[in-house]
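Every chain is numbered from 1, with letters handed out A, B, ... down the list of sequences. Owing to the predicted nature of the structure, the values given are computational and were not obtained by experimental measurement.
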Number of protein chains: 2
Amino acid sequence: MRKRDTVRRTTAKEVAAAAGVSKWTVIRAFTPGSSITEESKRRVMEAAAALNYSPNLLARSLATNSTRQVAVFVDDFRNPQKLPFLETLTERLQAAGLVVMLININNHFDHVHALLHADQRQVDAVILFGTAFRDETLADRKLGHGMPPMFVLARDSQIEGVPAVVCDAELALREIVDHLHEKGYRRPGFMSGATALSTALRRRQHFTDFWAEKGVDKIELLSAEKYSAEAGATSVHEYLSRTAPAERVDVLMCENDILALGAMDEIRGKFGLRVPEDIAIVGFDNYELGGSSAYSLTTYEQPRFEMVEAIIGMIVGTTEAETVTLPGKMIIRNST
Amino acid sequence: MRKRDTVRRTTAKEVAAAAGVSKWTVIRAFTPGSSITEESKRRVMEAAAALNYSPNLLARSLATNSTRQVAVFVDDFRNPQKLPFLETLTERLQAAGLVVMLININNHFDHVHALLHADQRQVDAVILFGTAFRDETLADRKLGHGMPPMFVLARDSQIEGVPAVVCDAELALREIVDHLHEKGYRRPGFMSGATALSTALRRRQHFTDFWAEKGVDKIELLSAEKYSAEAGATSVHEYLSRTAPAERVDVLMCENDILALGAMDEIRGKFGLRVPEDIAIVGFDNYELGGSSAYSLTTYEQPRFEMVEAIIGMIVGTTEAETVTLPGKMIIRNST
DNA sequence: TTGTATGCGTTATCAA
DNA sequence: TTGATAACGCATACAA
């Protein structure tokens, strides 16, 4: 590992010597609200400026037992929706004096390893911001005690004592189904990404339930296995290939925008069908490109800012955190 | 700030007591290559497992003067290309035993603040992975000494002593211009995102130079100011509105895919023109969605894996790092 | 208000 | 090989 310049960081001790006070007075000058005379503070600050001193956060963390670092676990970098969320997360956390450790959860470094590692680094909190976490492994009792507080973002949490911040799926699906029904669609289909996930199952269940309320019991279920444009295309390709035109769905709801865009490409490009005349498409997330005239995708926007604020409130809050469900916004465009 | 469970992490001292050895022996058991008997190690490891001990990385960092944390500065979350790069970066850094601190550079927290902060946290290195850094401010002498080593990813570096890893722009633009010329285009345009950036200027310069070599001296220059689909659309809209059809470019090269996709939407959607028949489009980055049949965008792919490996090599390397230029790959699709 | 002693949990160095 | 002493830079508690 390359070494930083030989110049060491100046310490409180050195500033103290320069200012002619004890090092504890230097500490006080840098501790808001501590008792110190104006004169002492001024002299310390002058010496500090001259020596280019600033407190060593590492040492502070060791002494205070708080790093002001938050680990964010991500496992799904294919979903471009992650990016605006990461932007908002980092921005708001930084504003709160916290900094993000971005942890890539994958086969080589799974969430159990990651959690152990985050604990070793003494992070103040862990945000689970992925799709494919298996709740059971995190609920493992070995991990139960002494670990940093965990929170789930944009997904359900089945883990005891681990609250989540989610977009209200029931409300979202109700609005979507209402809209589709009103538009006259009657043969709905649902494409899910990861069928093993409780969040995915829940959305699908709401979709089915609300259609049932309207007297539509037959829901075509497609499974893309993953969340990518390619997976969406493959899944719809397989479906259209094996289904006679008269039997096909008239509207396909995809679990997220990326699946929807992939499906749309395949439907129009490879099969020469029209959207929404032959098959209408609905996504979820309101990814920027879905709004382009090339797609004009009807979708549902998660309340990103509110969600991020909520999870930060949980992290910096002092009271016991509880799962929060926030309403999103229906975005109707030309694909339905 | 919420406190972690009252259960404190077990320390080497406690393990030592349980195993009946001194705490230094415990440390040795966890230090590969240190001299310790098999028997001692076994007893320590047993006690450690029973007590659920693992070394505190914070304390280690303070003692060794190395945090094994790398700060990554990002200022441009609109470009989806950031996501795969972040994925590769985190994955490869983690494999090297390093972890990413993701820093959002914006108006409230500029790169000078961020650098000072990263220094306070004693990060082992800083990766500049944005578009709009102003080189001058980072070259400021106040920041010159004692700061962590800095490296620039996917952009030129004008900063003395700060090496960069970039995709070979000269090669890329040569291949692109060759391709376009071969296809018969003769009235080229270039849309840049941020005209103030040296990297942007360089690409444009190569584009102009290579066309000049082929006897084409007139290059239409568009400026989108920012890097977003919307900015690309607005820019091309303004251009087409003020330019008579006969005067228009026959091919428009955009500085990145997002600009290109935005421009393409506008050209086809609002102006009813065909791509590539009326205007051909070229992007840069090979963003996944550009490959969809809705766009089928001709573009240029940066050698992401090689670039990441190169920058990690610089970080963990012992010899003086020098700017590395790597060849990318031309991706020809139907938009040209 | 200011200075002193002690602790945070490791690593580095030396002596046994 | 093992134990002991010092150091990393700051914060907390207490005494002056």
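As judged by a 4.0 angstrom heavy-atom cut-off over every strand, F30(A) is placed among residues making no nucleic acid contact. Heavy atoms of I27(B) sit under 4.0 angstrom from at least one base atom.
Between R28(A) and dA11(D) there is no side-chain N or O to OP1 or OP2 distance below 4.0 Å. For dC10(D), neither phosphate oxygen OP1 nor OP2 lies less than 4.0 angstrom from any side-chain nitrogen or oxygen of S61(A). For S35(A) and dT1(C), the shortest distance from a side-chain N or O to OP1 or OP2 is below 4.0 Å. Within the structure, every side-chain polar atom (N or O) of S40(B) is placed at least 4.0 Å from both OP1 and OP2 of dT1(D). Distances shorter than 4.0 Å separate none of the side-chain N or O atoms of T64(B) from OP1 or OP2 on dC8(D).
Closest contact between the side chain of A12(A) and the listed nucleotides dT2(D), dT10(C), dC10(D) involves dC10(D). Taking every side-chain heavy atom of T25(A) into account, dT2(C) is the closest of dT2(C), dG9(D), dT11(C). Which of dT1(C), dA11(D), dG3(D) sits closest to the side chain of W24(B) comes down to dG3(D).
For the pair R68(B) CZ and dT11(C) C1', the interatomic distance rounds to 15 Å; values are reported in whole Å. Across the protein-nucleic acid pair, N56(A) atom CG and dG9(C) atom C1' stand 15 Å apart, rounded to whole Å. Regarding K23(A), its NZ atom lies at a distance of 22 Å from the P atom of dT1(C), rounded to whole Å. As rounded to whole Å, 16 Å separates atom P of dT11(C) from atom CD of Q122(B). Here the P atom of nucleotide dG9(C) and the CZ atom of R8(B) are 6 Å apart, to the nearest Å. The interatomic distance linking L62(A) (CG) with dC8(C) (C1') rounds to 4 Å, in whole Å. Atom P of nucleotide dT10(C) and atom CZ of R121(A) are separated by 14 Å, given to the nearest angstrom. When rounded to the nearest whole Å, the span between CZ of R42(A) and C1' of dT2(C) equals 17 Å.
Between the side chain of S157(B) and the backbone N or O of A164(B), no donor-acceptor pair lies under 3.5 Å.
Listed by first and then second residue, the salt bridge (charged side-chain N to carboxylate O under 4.0 Å, His left out) pairs involving residues 306-316 of chain A are R92(A)-E309(A) (not counting sequence neighbours).
Between F85(B) and F129(B), the two ring planes are tilted [angle within 30° to 60°].
With hydrogens and angles left out, the side-chain atoms of Q122(B) and N65(B) include a donor and acceptor closer than 3.5 Å. Checked by atom type, the side-chain pair R121(B)/T67(A) shows no donor-acceptor distance below 3.5 Å.
Mapping K41(B) and A59(B) onto DNA chain D by nearest heavy atom places K41(B) closer to the 5' end of the strand.
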